[in-house]
Amino acid sequence: MNVFRFLGDLSHLVAIVILLLKIWKTRSCSGISGRSQILFAIVFTTRYLDLFSNFISVYNTSMKIVYITCSYATVYLIYGKFKATYDFNHDTFRIEFLLVPSAILAFLVNHDFSPLEILWTFSIYLESVAILPQLFLVSKTGEAETITSHYLFALGSYRLLYLLNWLWRYFSQGFYDLIALLSGILQTVLYCDFFYLYISKVLKGKKLSLPA
Amino acid sequence: HALHIPHDEL
């Protein structure tokens with residue numbers, strides 16, 4: 001494991017924990033797209049079905065368990081415990097527009113036509129676009145709390161760091177996985193606009209707000 | 001031939 005991969009995992013973990021803590025401490029999930037969080041729970045579930053059949057390392061197994069547990073806890077906080085604070089009238093992105101094409105593409109373009117492999121591929125495609133309901137919510141309300149911006153920055157950085165990891169692995173081991181690579185590029189590109197706003201506003205102490 | 005891709009990342 002190289003440093004980019006490790007920092008990527010760390011950044012992913014930081015994002016997930018920031019979101020959970022934000023909701024827990026403020027007793028509110030306003031500004032957070034429950035729909036994106038449902039998609040992330042689906043992503044982790046379909047990707048980590050190999051949890052018991054394919055052992056890689058204690059590190060991998062523990063991270064998978066933490067990611068899955070945290071994503072279900074987040075969904076529970078949004079739709080259960082703090083449902084009263086959920087922005088349901090702004091969180092209106094139609095997730096079937098992401099789920100259906102990801103599923104069709106996973107059947108058509110995969111490494112191996114087997115159930116686990118198709119579900120893994122589906123999770124990669126779905127993850128690449130799963131943040132869209134959240135970005136849609138931010139663009140609809142025109143602003144994001146600073147803590148939500150930190151969450152989005154950490155979550156976006158994770159796949160960017162993975163891209164560097166894949167570049168490293170390609171040159172050091174000749175390893176590459178086109179499905180993960182192309183999806184990772186798409187995923188990172190979707191954050192570009194946000195990265196720009198984050199660096200130009202949030203890091204200078206201003207709240208992230210979009211021009212009207 | 002079914003190529004098994006090891007998914008060793010997260």
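By convention in this document, chain letters (A, B, ...) are assigned in the order of the sequence lines, proteins followed by strands, and residues within each chain are numbered from 1. Keep in mind the model is a prediction, meaning the values are calculated, not measured.
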| said: Tell me whether the count of non-hydrogen atoms from other residues, nucleotides or ligands lying under 6.0 Å of CZ in A:Phe88 goes above 12. | reply: no
| message | Can you tell me which portion of A:Phe113 sits under 4.5 Å from chain B's heavy atoms? Options are side chain, backbone, both or neither. | response | neither
| query | Just checking, is any N or O donor in the side chain of B:Glu9 or A:Asn165 under 3.5 Å from an acceptor N or O on the other one? | reply | yes
| field | Note, B:His7 side chain near A:Arg47 side chain (heavy atom, < 4.5 Å) | value | no
| request: Count the heavy atoms belonging to other residues, nucleotides or ligands that lie under 6.0 Å from CZ of A:Phe55, then report whether that count exceeds 12. | output: yes
| task | Go through the atoms of A:Asn60 and report whether side chain, backbone, both or neither lie under 4.5 Å from a heavy atom of chain B. | result | both
| field | Student check: side-chain heavy atoms of A:His12 and B:Leu10 closer than 4.5 Å | value | no
| field | A:Arg5 with B:Asp8: basic N within carboxylate O range, under 4.0 Å | value | no
| task | Please state whether the side chain, the backbone, both or neither of A:Tyr59 comes within less than 4.5 Å of a heavy atom of chain B. | result | side chain
| task | Counting only heavy atoms closer than 4.5 Å, note whether A:Phe44 contacts chain B via side chain, backbone, both or neither. | result | neither
| message | Is it the case that atom CG in A:Asn2 sees more than 12 heavy atoms from other parts of the structure closer than 6.0 Å? | response | yes
